[in-house]
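Down below is the structure, laid out as structure tokens.
Hydrogens, waters and symmetry mates play no part in the numbers below; they use all other heavy atoms, side chains included. Naming: A, B, ... by sequence-line order, numbering from 1 per chain. Since we're looking at a predicted model, the values are computed, not measured.
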There are 2 protein chains.
Amino acid sequence: MSDARANSRAGDAAPQSIWTRPVRGSRGPVPAYSRDAIAAAGIALADADGIAAVSMRAVATALGTSAGSLYRYLSSRDDLLELMTDRAIGELRPHPSGGDDWLAGILLLARRQLALYGRHPWLLDLLPRTSAAGPESLAWFDTCLRILEPVDCATAAKFEAIAMTTGVVSLFARRRAGSSSFALTGVDLTAHPHLAAALRRPVGGPPRADLFDRTLRILLTGLLADEGPDHA
Amino acid sequence: MSDARANSRAGDAAPQSIWTRPVRGSRGPVPAYSRDAIAAAGIALADADGIAAVSMRAVATALGTSAGSLYRYLSSRDDLLELMTDRAIGELRPHPSGGDDWLAGILLLARRQLALYGRHPWLLDLLPRTSAAGPESLAWFDTCLRILEPVDCATAAKFEAIAMTTGVVSLFARRRAGSSSFALTGVDLTAHPHLAAALRRPVGGPPRADLFDRTLRILLTGLLADEGPDHA
DNA sequence: CTAAACTGCAAACATCGTTCGCGGTTTTAT
DNA sequence: ATAAAACCGCGAACGATGTTTGCAGTTTAG
């Protein structure tokens with residue numbers, strides 16, 4: 001009987017997202033900074049020194065204002081991160097039109113996404129945490145669906161395929177960004193015979209330059225092409 | 001000519017990892033807490049309230065000591081997170097022995113890993129950040145290699161297959177843990193016709209209960225079985 | 001036995017995200 | 001036109017965080 005801040009109250013509370021929040025009020029002076037400029041400042045800091053360098057004070061200083069002032073535009077630091085995420089995804093424009101070969105189209109999208117991760121490695125940390133998809137994310141998703149339009153399968157399967165594709169892209173991006181290698185110094189290898197044997201063996205040539213395309217091709221044909229038009 | 005703290009100095013500096021750091025010195029009193037107890041306290045906090053609840057003070061209070069005292073065991077909070085990660089991976093023991101069917105063996109490992117992610121969702125944030133693999137991670141990797149032993153392909157291909165498998169497992173775990181759905185309230189769907197059409201359509205039955213096995217089977221057979229014994 | 005090395009602890013430091021109150025500015029309502 | 005309301009920028013402050021430091025007590029090496 002207490003706790004009146006539950007949902008479905010008279011003053012319908014918005015979901016507290018940046019995208020539902022009005023860009024500016026209709027009463028006061030015009031804001032000095034745009035959302036895009038704020039996001040760009042955060043992205044510049046993240047590109048230079050990692051996501052940990054993106055503090056409210058650092059972004060505010062880069063913009064020429066103070067930390068408290070940023071809360072006129074954002075309700076939290078997470079809002080800033082979502083702004084940065086969506087602006088980075090906006091760099092994927094212009095979206096390819098895609099021809100009749102849907103697999104080639106998705107592969108092109110995947111390569112663009114991989115390049116984006118290369119330019120902004122911090123996206124690997126932010127993308128899985130986005131609570132509400134921003135406008136650029138929605139547009140990108142719409143493009144994915146458009147390219148998959150000739151595929152005749154259930155809608156849920158397309159969603160799964162898109163999610164799995166972006167996931168696999170992030171896996172490749174992470175391996176490229178991170179050190180990816182083990183730090184085996186001072187490890188007792190006698191207790192791990194198979195690992196020791198694998199390391200004793202020569203690595204075996206370059207690591208298959210086309211592994212990215214190969215993996216996605218395998219995955220997508222297996223997930224989409226093998227299916228009949230079941231379920232609507 | 002300043003900055004004498006470069007590498008390769010006379011007092012050979014260890015790589016500053018938890019696993020190379022000695023558990024205890026040989027001079028003072030016996031430490032009051034074990035590494036395992038510290039990791040367990042952190043895991044309990046992370047299981048209960050997420051990784052953000054794992055602060056030095058919180059872990060210290062749970063153990064009955066103070067924050068500063070923890071730095072007798074760890075050199076940073078990241079060390080604590082690596083301790084937690086490796087202890088959680090230790091929950092995968094006992095490792096299955098694996099029969100002659102390597103695909104079934106890897107699938108069993110993958111299911112165990114997925115269940116582990118379900119028990120400890122914070123592992124999704126920590127595992128991709130581990131800088132040096134701990135002993136339990138190494139043992140697990142050795143088991144993966146043992147199960148892949150009958151596969152006749154390059155060592156690098158096995159490494160890639162293992163990495164991709166654990167990656168795909170994390171993707172499924174993330175979809176299970178996160179809300180995964182879009183927050184489409186208040187979005188202008190007219191600008192995204194394909195997304196609007198996909199949402200208008202019925203979802204199309206349950207989301208394929210065997211998608212996990214199917215995906216991994218497709219991926220592993222495509223990555224390993226199709227290859228000849230090239231490269232050593 | 002002495003000195004070195006180690007432990008636990010409390011206090012302090014710098015930084016972080018966030019809140020609050022102020023004066024000034026723009027719009028709405030009367 | 002005038003007053004009230006809503007908004008902006010700003011600086012100071014609050015609580016919490018990771019980490020460092022100095023001190024007293026304890027154990028081992030030489």
Side-chain angles (χ1 to χ4, degrees), chain A residues 5 11 14 16-18 20-39 41-42 45-46 49-84 122 125-126 129 131, chain B residues 5 11 14 16-18 21-35 37-39 41-42 45-46 49-84 122 125-126 129 131:
Chain A
R5 58 178 165 79
Q16 295 301 89
S17 167
I18 291 286
T20 65
R21 176 193 185 119
V23 188
R24 62 154 299 191
S26 56
R27 209 58 83 89
V30 45
Y33 313 98
S34 70
R35 279 189 181 178
D36 206 64
I38 296 175
L45 286 171
D49 298 311
I51 196 61
V54 183
S55 66
M56 293 288 147
R57 285 172 176 83
V59 171
T61 304
L63 286 170
T65 178
S66 69
S69 301
L70 280 185
Y71 285 84
R72 296 285 171 189
Y73 304 82
L74 319 161
S75 61
S76 71
R77 180 174 181 260
D78 284 339
D79 278 3
L80 168 64
L81 300 183
E82 301 223 35
L83 237 53
M84 291 167 56
W122 43 269
D125 299 327
L126 296 196
R129 301 192 183 222
S131 61
Chain B
R5 58 178 166 79
Q16 294 301 89
S17 167
I18 289 285
R21 177 194 185 120
V23 189
R24 63 154 298 188
S26 57
R27 210 56 83 88
V30 44
Y33 313 98
S34 70
R35 279 188 180 177
I38 295 175
L45 286 171
D49 298 310
I51 196 61
V54 182
S55 68
M56 291 289 147
R57 285 171 176 84
V59 171
T61 303
L63 286 170
T65 178
S66 69
S69 302
L70 279 186
Y71 285 83
R72 296 288 170 188
Y73 303 83
L74 319 161
S75 61
S76 70
R77 179 175 182 261
D78 285 339
D79 279 2
L80 168 63
L81 300 183
E82 302 225 36
L83 237 52
M84 291 167 55
W122 42 269
D125 300 327
L126 296 196
R129 302 192 183 218
S131 61

Query raised in the report: Should A:Ser75 and A:Arg21 be marked as a side-chain contact (heavy atoms from CB on, under 4.5 Å) after you check the CA-CA gap, both sets of side-chain angles, and the distance that decides it?
Result: CA-CA 9 Å; A:Ser75 61; A:Arg21 176 193 185 119; 3.2 Å; yes
Requested in this report: Before giving the answer on side-chain contact (heavy atoms from CB on, under 4.5 Å), spell out for B:Leu81 and B:Ile51 the whole-Å C-alpha distance, their side-chain angles and the decisive distance to 0.1 Å.
Outcome: CA-CA 9 Å; B:Leu81 300 183; B:Ile51 196 61; 4.0 Å; yes
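Residue contacts shown for A:Gly68 include a base, since a base heavy atom lies under 4.0 Å away. Residue contacts for B:Ser69: at a heavy-atom cut-off of 4.0 Å it reaches a base atom on one of the strands shown. Using a 4.0 Å heavy-atom criterion, one finds that A:Pro31 contacts the sugar-phosphate atoms exclusively.
Considering only side-chain N and O atoms, B:Thr65 lies under 4.0 angstrom from the phosphate OP1 or OP2 of C:dC9. One finds no side-chain N or O of A:Arg72 lying less than 4.0 angstrom from the OP1 or OP2 phosphate oxygen of D:dG9. Distances shorter than 4.0 Å separate none of the side-chain N or O atoms of A:Tyr33 from OP1 or OP2 on D:dC8. For the OP1/OP2 pair of D:dG9 and a distance below 4.0 Å, the side-chain nitrogens and oxygens of A:Tyr73 include at least one atom meeting the criterion.
Between B:Ala53 and B:Ala58, the shortest heavy-atom distance links the atoms O-CB, 3.6 Å.
Remark: C1' of D:dT17 and CG of B:Asp78 are 14 Å apart, rounded to the nearest angstrom. Taking atom CZ of A:Arg57 as the reference point, atom P of D:dG11 lies 13 Å away to the nearest angstrom. Note: CD (B:Gln16) to P (D:dT19) measures 13 Å, nearest angstrom. We find that CZ of A:Arg24 is positioned 15 Å from P of C:dT25, with the value rounded to whole Å. The nearest whole Å value for the distance from the CG atom in B:Asp79 to the C1' atom in D:dG18 is 13 Å. Remark: P of D:dA12 and CE of A:Met56 are 20 Å apart, rounded to the nearest angstrom. Distance CG (A:Leu74) to C1' (D:dC8): 14 Å, rounded to an integer number of Å. One atom, CZ of B:Arg77, and another, C1' of D:dT17, lie 9 Å apart when rounded to the nearest Å.
B:Asp125 has a carboxylate O that lies under 4.0 Å from a charged side-chain N of A:Arg129, or vice versa, which qualifies the two as a salt bridge.
In this model, a donor atom of one side chain and an acceptor atom of the other lie less than 3.5 Å apart for B:Ser69 and B:Ser66.
Mapping B:Ala67 and B:Ser26 onto DNA chain D via the closest heavy atom, the residue that lands nearer the 5' end is B:Ala67. The 5' end of DNA chain D is approached more closely, in terms of each residue's nearest nucleotide, by A:Gly28 than by the other of A:Ser66 and A:Gly28.
In terms of polar N and O atoms assigned as donor or acceptor, the side chain of B:Arg27 never comes within less than 3.5 Å of the base of D:dA29 in a complementary pairing.
In this structure, the nucleotide among D:dC10, C:dT26, D:dT20 sitting nearest to the side chain of B:Tyr71 is D:dT20. For A:Ala32, taking side-chain heavy atoms from C-beta onward, the closest of the listed nucleotides D:dG9, D:dT20, C:dT18 is D:dG9.
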